[in-house]
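Every number for a ligand or one of its atoms is a count from 1 in the order of the listing. All figures in this text were calculated on a predicted structure; none of them were measured in a lab.
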Amino acid sequence: MFREAARRFIATEITPFHGEWEKVGVVPRELWRKAGDAGLLCPNVPAEFGGPGANFLYNVVITEELGRAGATGPQFTVHSDMVASYILSFGTEEQKKKWLPGMVSGETIGALGLTEPGGGSDLKALRTRAVRDGDHYVIDGQKTYISNGQLCDLVVLACKTDPEAGARGVSLIVVETSREGFQRGRMLEKLGLKAQDTSELFFTGVRVPIANRLGEEGAGFKMAMHKLAHERLIIAVNAVATCEAVLEWTVSYTRERKAFGKLIAEFQNTRFKVAELTALVQGVRVFVDRCIELAVDNRLDSTDAAMAKMVTSELQCRRVDECLQFFGGYGYTLDFPIAHAYIDARVRRIAGGSSEVMREIISRKVFDG
Ligand SMILES: Cc1cc2nc3c(=O)[nH]c(=O)nc-3n(C[C@H](O)[C@H](O)[C@H](O)COP(=O)(O)OP(=O)(O)OC[C@H]3O[C@@H](n4cnc5c(N)ncnc54)[C@H](O)[C@@H]3O)c2cc1C
């Protein structure tokens with residue numbers, strides 16, 4: 001029932017308007033409030049903090065349905081699966097009461113600020129500083145590629161509280177964007193994900209109470225590593241759902257289109273290629289489902305998550321390209337969802353940890369135990 005409701009919401013509130021949002025580069029705030037009303041934001045937040053109190057499987061359903069519909073504009077996953085998830089896992093009772101109800105209703109939109117112009121893969125090298133001044137931090141720095149950058153009301157921000165301490169000098173601080181000294185930069189013009197407001201963010205002498213810090217001072221890197229596994233699984237879930245949808249579109253199209261007096265679906269090349277893709281996608285689906293089970297039990301480790309992200313995003317990039325080929329010239333026009341799926345896929349091998357960083361994580365386990 002929840003899946004049907006999510007699918008209906010996407011079909012009526014997102015798909016018809018997605019093309020318009022792609023032109024302006026951002027989805028309307030109103031959509032967030034509607035999604036909140038429909039129970040599609042932060043489904044796993046418990047009732048005491050204003051949420052529906054469901055489990056992670058509900059987050060999975062939303063991500064799958066967005067992936068299936070090619071609805072890449074609304075960044076509900078960063079909001080629900082990352083920002084709310086950090087607050088839920090590491091926040092105090094007071095912090096949860098303060099921020100989560102608004103995130104569930106869609107009044108408050110969340111962003112995650114890890115990446116900086118100087119680099120994203122090496123989180124411990126970040127340069128944004130948070131210096132203590134009485135019972136406040138004073139934050140100076142810059143972030144880039146931040147999803148929900150134009151819309152966000154709060155940012156879970158990775159800062160250096162001790163620049164000499166490497167990974168142990170990183171802390172996570174929740175910064176409300178209404179604070180003086182916070183500024184949104186330009187919305188980045190991207191290859192795909194055209195309706196997403198990926199942006200630069202600037203922090204100049206932003207004063208934030210120490211009470212806004214999540215967890216202990218210096219524990220930010222550890223918390224981010226823990227949560228990145230979750231983020232990578234969600235990316236994998238979205239990738240598999242997208243691959244499944246792309247296969248469906250390909251089968252339908254090749255069953256209707258003719259060349260040389262035959263349906264494209266009747267050529268052996270089509271049948272073999274689609275058969276091979278179906279088997280590959282089924283294979284990763286089973287692995288990702290297993291990872292979801294582990295995540296529900298809180299047993300998903302960073303290597304499993306890295307494997308899931310790497311294999312699904314590589315599969316998505318290469319195989320969407322192969323499916324697009326069956327659409328001929330139509331596949332190259334933005335009137336067809338397959339063209340969007342093609343340009344939107346490329347980022348999966350970069351964002352949330354690149355494929356190379358995933359290989360690094362996996363090889364550490366393989367060689368170093
Ligand atoms: C559309 C989009 C949305 C994003 N949303 C967010 C967001 O909401 N919040 C946020 O904080 N970030 C976000 N990001 C940033 C994203 O997570 C980073 O782009 C990613 O982590 C890579 O960092 P980088 O771009 O700085 O590349 P770099 O770290 O500069 O890496 C460049 C290249 O070097 C390779 N490389 C790096 N280290 C190694 C290594 N040890 N071994 C081998 N190769 C290596 C990388 O694989 C990559 O190919 C987003 C990015 C995009 C494109």
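Taking CG of Leu100 as the reference point, atom CD of Glu48 lies at 10.0 Å (rounded to 0.5 Å). Annotation: the span from Leu41 atom CG to Ile62 atom CD1 amounts to 7.5 Å, rounded to 0.5 Å.
Under the 4.0 Å distance rule, the nearest protein heavy atom to atom 50 (C) of ligand 1 falls inside the cut-off. Closer than 4.0 Å to atom 37 (C) of ligand 1 lies at least one heavy atom of the protein. Per-atom contact check: atom 30 (O) of ligand 1 does not touch the protein, criterion being a heavy-atom distance below 4.0 Å. Less than 4.0 angstrom separates atom 8 (O) of ligand 1 from at least one non-hydrogen atom of the protein.
With salt bridges taken as basic N to acidic carboxylate O contacts below 4.0 Å, none links Glu231 and Lys227. Ion pairing between a basic and an acidic side chain is recognised when a charged N comes within 4.0 Å of a carboxylate O; Lys194 and Glu20 show no such pairing.
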side-chain contact (heavy atoms from CB on, under 4.5 Å) evaluation trace for Arg132 with His136
CA-CA 6 Å; Arg132 271 193 192 234; His136 280 71; over 6 Å; no
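In terms of polar-atom proximity, defined here as any N/O pair under 3.5 Å, Ser354 does make such a contact with ligand 1. The shortest N or O to N or O distance between Tyr145 and ligand 1 is below 3.5 Å. Residue-to-ligand polar distances keep Glu116 apart from ligand 1: every N/O pair is separated by 3.5 Å or more. Looking at ligand 1, you'll find an N or O of Ser147 within less than 3.5 Å of one of its N or O atoms. Considering backbone and side-chain atoms together, Val78 places no N or O closer than 3.5 Å to any N or O of ligand 1. Checking only distances, Leu114 does come within under 3.5 Å of ligand 1, N or O to N or O.
The environment of CD in Glu189 is sparse: at most 12 heavy-atom neighbours from other residues, nucleotides or ligands sit within 6.0 Å. Under a cut-off of 6.0 angstrom, the local environment of CZ in Phe90 is crowded, with over 12 non-hydrogen atoms contributed by other residues, nucleotides or ligands. Within 6.0 Å of the CZ atom in Arg285, the count of heavy atoms belonging to other residues, nucleotides or ligands exceeds 12. The 12-atom threshold is not exceeded at NZ of Lys124, counting heavy atoms of other residues, nucleotides or ligands nearer than 6.0 Å. More than 12 non-hydrogen atoms from other residues, nucleotides or ligands lie less than 6.0 angstrom from CZ of Phe56.
When the heavy atoms of Met358, Glu356, Met82 are ranked by distance to atom 44 (N) of ligand 1, first place goes to Glu356. Of the listed residues (Leu157, Leu123, Thr115, Thr77), the one carrying the non-hydrogen atom nearest atom 12 (N) of ligand 1 is Thr115.
Nearest protein heavy-atom contact of atom 39 (C) of ligand 1 is Val357 CG2, 4.4 Å. Looking only at protein heavy atoms, the nearest one to atom 26 (O) of ligand 1 is Gly120 N, 2.7 Å. For atom 53 (C) of ligand 1, the closest non-hydrogen atom on the protein side is Val347 CG2, 3.5 Å. Remark: minimum distance from atom 42 (N) of ligand 1 to any protein heavy atom is reached at Glu360 OE1, 4.4 Å. Atom 19 (O) of ligand 1 has its closest protein heavy atom at Ile350 CG2, 3.9 Å. Of the protein's non-hydrogen atoms, Ser121 OG, 3.9 Å is the one closest to atom 22 (C) of ligand 1.
Annotation: Tyr58 is in aromatic contact with Phe2 [ring centroid separation under 6.0 Å]. Between Trp99 and Phe49, the ring center distance fails the sub-6.0 Å criterion. Between Phe326 and Tyr253, a ring centre-to-centre spacing not shorter than 6.0 Å is recorded.
In the vicinity of Leu112, heavy-atom distances shorter than 4.0 Å reach the ligand 1 atoms 7 (C), 8 (O), 9 (N), 10 (C), 11 (O). Under a 4.0 Å criterion applied to the non-hydrogen atoms of Gly119, ligand 1 contributes the atoms 26 (O). The contact set between ligand 1 and Gly352, taken as ligand atoms under 4.0 Å from a residue heavy atom, comprises 17 (O).
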